[in-house]
2 protein chains.
Amino acid sequence: MAKRPTIADVARRAGVSKGSVSFALNGRPGLAQSTVDKILAAADELGWRPSNRARSLSVSKAFALGLVITRDPAVLSSDPFFPAFIAGVESVLSTRGQALVLQVVADGSEADGYRRLAQDGRVDGVFLSDLRHDDPRIGLLVELGLPAVTLNRPDGDSPFPAVTLDDRPGTRAVVEHLIELGHTRIAQVAGPPAFVHATARSTAFAETLAAAGLEPVAVETGDFTAAGGIETTRRLLALPEPPTAIVYANDRMAIAGLGAAQAAGLTVPDDLSIAGFDDSELAEYVHPGLTTVRADPFRFGETAAQTLNRVVDGDTDVPDVELPPAELVVRRSTAAPPL
Amino acid sequence: MAKRPTIADVARRAGVSKGSVSFALNGRPGLAQSTVDKILAAADELGWRPSNRARSLSVSKAFALGLVITRDPAVLSSDPFFPAFIAGVESVLSTRGQALVLQVVADGSEADGYRRLAQDGRVDGVFLSDLRHDDPRIGLLVELGLPAVTLNRPDGDSPFPAVTLDDRPGTRAVVEHLIELGHTRIAQVAGPPAFVHATARSTAFAETLAAAGLEPVAVETGDFTAAGGIETTRRLLALPEPPTAIVYANDRMAIAGLGAAQAAGLTVPDDLSIAGFDDSELAEYVHPGLTTVRADPFRFGETAAQTLNRVVDGDTDVPDVELPPAELVVRRSTAAPPL
DNA sequence: ACCTCCAATTAAACCGGTTTAAAGAGCATC
DNA sequence: GATGCTCTTTAAACCGGTTTAATTGGAGGT
């Protein structure tokens, strides 16, 4: 376990100064090509890689990006979004020698998470996920001077670029699909209205129905968890005139709702049609297969990382990026309503 | 956005030298109490927090731990283990001002992930999850000189402490539960035999059956994914004498298997009993609720982080830690076999 | 042969902490 | 009053890079 070589070792071996090694490594002009070659060869022979720690200190950068997620079971426990999103982020970071730093915080104290990342200088920028209406984190990050990219577009002013994926076309497609099947009594289980993406799905739902001259049987507000899916579904099924189709704001609630309907003695899709949102792994494999909307969280992560890196690199006025909208995936959980 | 204060600012304000400030901060003896108070007061007034970067450089520590996970959809996509595990890890790290660095790597190239974390000096230690038989990563980490803790006990020699959760009692309980219900034709969908925890569950399954004088109808090897759960279940149901109960090595395969059975026209549990492993969120809410085994990944993360930190802190001979075994959760997916 | 100018290179400061060796202060001892 | 000893405190080196300002050497011009 010999100590790793330092820049001084390389300099000595190449017969030049530390500064020249630094120049050669960073491809800065002003060095003769022959010298550059000599230095790179020496570095190679010694297997030298510059120390991140030293570099971090002298250039005041962390070479890392941060993601704060809440420990809230609703978001954390089995959300299909984050793992794939993170994989997408990493696919970008690994090519640039950057790392991803995770902060998991207690529900409600996300601010502390960002503050910690900033004060410790652990990261050069952060991802702002699960954007809320009038999200206080935007102001916080401005105050902390921490670059960021928002996932979805905030409603207020924001100095940060946004990477957006329009949930509305997918939701619209689901509703239209149900209407085409002949449904007129359609209900929704929405997500918490505090979230931007939850309300986007909700308004798209309402607007599509309205465009067809229909109105929702009922709209229940869930919390994106399976438990919430059960509870809201039970309420909908207990209505004097229950819906013949339910549109859920995510797959977890939909799969739980499917279970609730079956537990209530209903057959899906004969008695009740059910649609989700996400196309999570299990959606395809439950019985009946879940009609849902397919997003691409991996690509979301990839794009978000690229965008954030442009900001971090000092690019001003990085434009928002719009991802291709999620598309409808029709499976067996939706069919014509009972007669 | 004034620049953050440095140790020199604090020293000037307190009228002492940089060194004294450092001593005071780290609670080292040799300073008069009055001086310590004066320094801490000055630090407080300026809102000074030592720079992690500078500290990292001078003490050659990263103040961070690392986790490498594979991008393999089988492990990544909706594994209920990691998010909760990570939350547990963070609950420890956040109190110590440490960070968690994530590396997501392409399937099969985990070695690169660890190598990168080590060479970049990003972390002081790593978690070794999803331990395999004769896991090559152990040798790699020894070679890299990177401290680690293994999740489960490796079969070969290992210089690292292990945090273990015995899967066998839980599996045994499931099988005994099925036997008590009257099942004699029990099959298993195992995990990939390369994984230590997969074979632990498999041997416990086989041994418990054998102890009751039974033998498995069939053992299929799945890959922990929902798709694999479907496929193996179909094969089991197509046997000339199909099982009356199937024990799955995780919930994802079990839930998919449940779907496959229902799609084949069977009623669970009347025609077929099904049991999973993990007690993931959806287990409770699918129909019928899944009988499974409840592990505690949060606590696993917590304990692993504490243990790894002892190693990182230079404690030699940190003992292995055994977590309380997972326990059986009986729901509606298991019942007496059909007559 | 001398001066100028430019390209290539280097010495040294710097980032913000930690740590070691040495200096200084205060007091008892002889 | 000099010596020795402990208790505090400090100056300076160090971690391993980056960056700026200064230096060197050689080519080109007159």
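In the text below, chain A, chain B and the rest are named by the order of the sequence lines, each starting its count at 1.
Not a single donor-acceptor contact under 3.5 angstrom links the side-chain atoms of A:Lys18 to the base of D:dG16.
We find that CZ of A:Phe63 is positioned 10 Å from C1' of D:dG17, with the value rounded to whole Å. Taking atom CZ of residue A:Arg49 and atom C1' of nucleotide D:dG17, one finds them 15 Å apart after rounding to whole Å. Between B:Trp48 atom CH2 and C:dT18 atom P the separation is 6 Å, expressed in whole Å.
Judged by closest nucleotide on DNA chain D, B:Val36 is the one of A:Arg53 and B:Val36 placed further toward the 5' end.
Among the nucleotides C:dT18, D:dC15, D:dT18, the one closest to the side chain of A:Ile7 is D:dT18. Across D:dG16, D:dT19, D:dA11, the shortest atom-to-atom separation from the side chain of A:Ser51 is found for D:dG16. The nucleotide whose nearest atom lies closest to any side-chain atom of B:Ser20 is, among C:dT19, D:dT10, D:dG17, D:dT10. Counting only heavy atoms from C-beta on, A:Thr35 has its side chain closest to C:dA8 among D:dA13, D:dG16, C:dA8. Picking from D:dT10, D:dT18, D:dA13 the nucleotide with the shortest atom distance to the side chain of B:Val16 gives D:dT10. Here the side chain of B:Ser22 is nearest to one of C:dT19, D:dT9, D:dG16, namely C:dT19. Of the listed nucleotides (D:dG17, D:dT9, D:dT19), D:dT9 has the atom at the smallest distance from the side chain of B:Ala32.
A 6.0 Å sphere centred on CG of A:Asn26 holds more than 12 heavy atoms belonging to other residues, nucleotides or ligands. Environment of CG in A:Asp134: sparse, with no more than 12 heavy atoms of neighbouring residues, nucleotides or ligands closer than 6.0 Å.
Within the 4.0 angstrom heavy-atom criterion, no nucleotide atom of any strand lies near B:Asn52. Using a 4.0 Å heavy-atom distance criterion, A:Leu57 is classed as a base contact.
Between A:Asp9 and A:Arg12, at least one side-chain nitrogen of the basic residue sits less than 4.0 Å from a carboxylate oxygen of the acidic one, meeting the salt-bridge criterion.
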Close N or O pairs between protein and nucleotides 20-26 of chain C (under 3.5 Å):
none

